[in-house]
Every structure is written in C-alpha cells, then in structure tokens.
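From a predicted model like this one, the values you see are computed outputs, not experimental measurements. Indexing begins at 1, ligand by ligand and atom by atom, following the structure's order.
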Amino acid sequence: MKIPYTKMHGLGNNYIYIDLFHFDMDEKFFPEVARQVSNVNTGIGSDGMIVIHPTDAADVGMRIFNKDGSEGMNCGNGLRCVAKYVVEKGIIEAEHFNIQTRANVVEAVVQSANGIVEEVTINMGAPILQRSLIPMVGTDVENVVAESFAVAERTLEVTAVSMGNPHAIFFVDTIAEAPLHELGPVITDDSRFPDQVNVEFVEVVSSKELNFRVWERGSGITQACGTGACASVVASVLNGKSERGNEVTVHLSGGDLVINWDLDGTVWMTGGAEIVAEGNYFFPD
Ligand SMILES: N[C@H](CCC[C@H](N)C(=O)O)C(=O)O
C-alpha cells in the first residue's frame, strides 16, 4: 500500500501525518503503520504517527499513535501541526476552528503571514487533577500534589496531572541532572499508573520560566511534549511555584512554548509548527 504522508514537527517532536481527507486507509493498519514509519532504520523516522481525519464532532479530527504503535489520547505538538496543515492545505479556510482528539475537542487559533502559519495557539481545555482520572493508584487523597514517590531506591515527590493523557511531574534543582535516562523508562511503566504515564522533570527558573525534559509514554525521550508542558505549568501552580493567569515560558529541548493556566480554568498553549517533508511510504501488504 502506497501511503502519502507529511512529516511535521513541533519543537522537534516529530510525527508522520496521514491525511484522510485525501487518502483512505483502514484504521486496523494504524498501529502497525505507526510502528513501521517511526523506525529510523527501516521506515521514515519519527516519534510516531498522527492521522488527520474528517469528523462530525469538530472541524477536523486527530488521532495520535506513539512510536510503539500505542494510541495516545492527546498531543499538544501534534495539534499545532494539524492546525498548520489544514489551513495551509485549504482543508479549513478559517483562522479559528476546532479539532477533536480522543480526549476532547479543543479550539485552535492560527497566526499566518502570506498564507504560511507561523504560530498556533490551542485552548487545551481544563487539566484533570483527580487521582482516579489521571489515572494513578495510591492513597485516598483526591489530588496528587508533591506526593512521596519511592522508586529505584530513591524517594521523590510526584505531582500527577492529566491533559487527557497522564503526566507524572518531578521538580529538580537542575535540569541537567534530571535522572531522565535512568528513571524515565522505569516510571513510565510503574504499576501505580495503570495506563502507563508520560514522565517530566522540571526545573523552576522563576515563576514564569521552567526548564523541562520528558520521557514520553510509548515513544521514550522526545525533544518536546506539548501536553507535558501544559501539565508541568499546572503542576508548578499547584506547588505554589507559578501563578494562575500568568504566561509561563517552558524551555523544552526543541524550543519554547508559552503556557497559561488561566483564571477561568483552561490551559492555553502557544508555539510553532513546521512542515519537514512530503512523500509516500510503501507499506508491505
Ligand atoms: N506520548 C503521549 C502522546 C504524545 C504527546 C506529546 N507528543 C505532546 O506533544 O503532547 C501519550 O501517550 O500520552
């Protein structure tokens, strides 16, 4: 099967995008195609695959598959790339529209110049803080804020936030010393997270500036994680390190995102999105 694709990235978090407005593919192939195209040696090379599709629930729909073929619920960097793609390809002829993910329907606003989308703002909706909805097992305390978390002979403090997908955030003094390689793969599969978890280490530079590294569920270390950046700002507010209603700049490996958990409860994310390449993937039938 010859599959037309577009490779795009948001701050280096790159996916292979399949446009079902212009191509038909049975969804039963999605996990295996995601695994194959993500492979840098035998495929194209990416953090996973994102399917852009028509939907009655919104102006456009998006499904995200991680490198291992697992399907995610949401993807912040993917949402910005989808917004750029549908505007530049003329699928959407507006600068303000909505996108359906498995988690929710979000609003997208694009900033364009000469027909090129240069920046995208997404209203990611409200964070989910209830332990049972993260989901995370543990005490009967409803929210998980600075909770003692024993792992690999260490005792850390975890704050758990869902942006439709689960995030475990650990604050560190210096991001360069974050035990990402050692603890990322351990915590992501920890049994206290029944659906696994995205793992973020965050250094608070100031109340309006965070340094951030991530081990993503299903993909490992990536250059950026949009939902993770949103979850980290929420965690920073919950821990009294940032303030609701203020824009917080999150420095990820691949660049910066501006996040605001505003006073009406929703989380806004603003950042870039880039188209890298277009081509055809030859999926062995
Ligand atoms: N690995 C994530 C999905 C991708 C999220 C990330 N790339 C983003 O930009 O939000 C999960 O399984 O929940």
Asp47 and Glu216: side chain to side chain contact (heavy atoms under 4.5 Å, CB included), yes or no, with the steps? CA-CA 9 Å; Asp47 294 326; Glu216 284 201 33; 5.8 Å; no

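Protein heavy atom at the shortest distance from atom 9 (O) of ligand 1 is Gly226 N, 2.8 Å. Here the heavy atom of the protein found nearest to atom 4 (C) of ligand 1 is Glu216 OE1, 3.2 Å.
You'll find the side chain of Met8 stays beyond 4.5 Å of the side chain of Arg80, heavy atoms only. A heavy-atom distance below 4.5 Å is found between the side chains of Cys225 and Phe212.
Close to ligand 1: Asn74, with a non-hydrogen atom less than 4.0 angstrom away. Ser219 does not count as a contact of ligand 1, since none of its heavy atoms falls under 4.0 Å from the ligand. Contact analysis puts Cys225 in contact with ligand 1, with a non-hydrogen atom separation below 4.0 angstrom.
Under a hydrophobic clustering in which Ile, Leu, Val, Met, Phe, Trp and Tyr are joined whenever their side-chain heavy atoms come within less than 4.5 Å, directly or via other members, Val151 and Ile169 fall into different clusters. Put simply, Tyr281 and Met49 are part of the same group of oily side chains (I, L, V, M, F, W, Y) that touch within less than 4.5 Å, one to the next.
Using a 4.0 Å cut-off to heavy atoms of Thr227, the atoms of ligand 1 that qualify are 5 (C), 8 (C), 10 (O). Using a 4.0 Å cut-off to heavy atoms of Asn13, the atoms of ligand 1 that qualify are 6 (C), 7 (N), 9 (O).
Of all the listed residues (Met73, Met163, Arg217, Glu71), Arg217 holds the heavy atom that lies closest to atom 12 (O) of ligand 1.
Geometrically, Arg192 engages Phe149 in a cation-pi contact, judged by NZ or CZ lying under 6.0 Å from the ring centre and within 45° of the ring axis.
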Distance-only donor-acceptor pairs under 3.5 Å for side chains of residues 126-141, two or more places apart:
unit_1 : atom_1 : unit_2 : atom_2 : d
Arg131 : NE     : Thr139 : O      : 3.0
Arg131 : NE     : Val141 : O      : 2.9
Arg131 : NH1    : Glu147 : OE2    : 3.3
Arg131 : NH2    : Thr139 : OG1    : 2.8
Arg131 : NH2    : Val141 : O      : 3.1
Arg131 : NH2    : Glu147 : OE1    : 2.6
Thr139 : OG1    : Val141 : N      : 3.1

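Few gaps surround CG on Asp264; more than 12 heavy atoms of other groups in view lie less than 6.0 Å from it.
At under 3.5 Å, a nitrogen or oxygen of Gly76, whether backbone or side chain, sits near a nitrogen or oxygen of ligand 1.
The part of Asn198 lying near ligand 1 is the side chain, judged by heavy-atom distances below 4.0 Å. At a heavy-atom distance under 4.0 Å, no atom of Phe65 approaches ligand 1.
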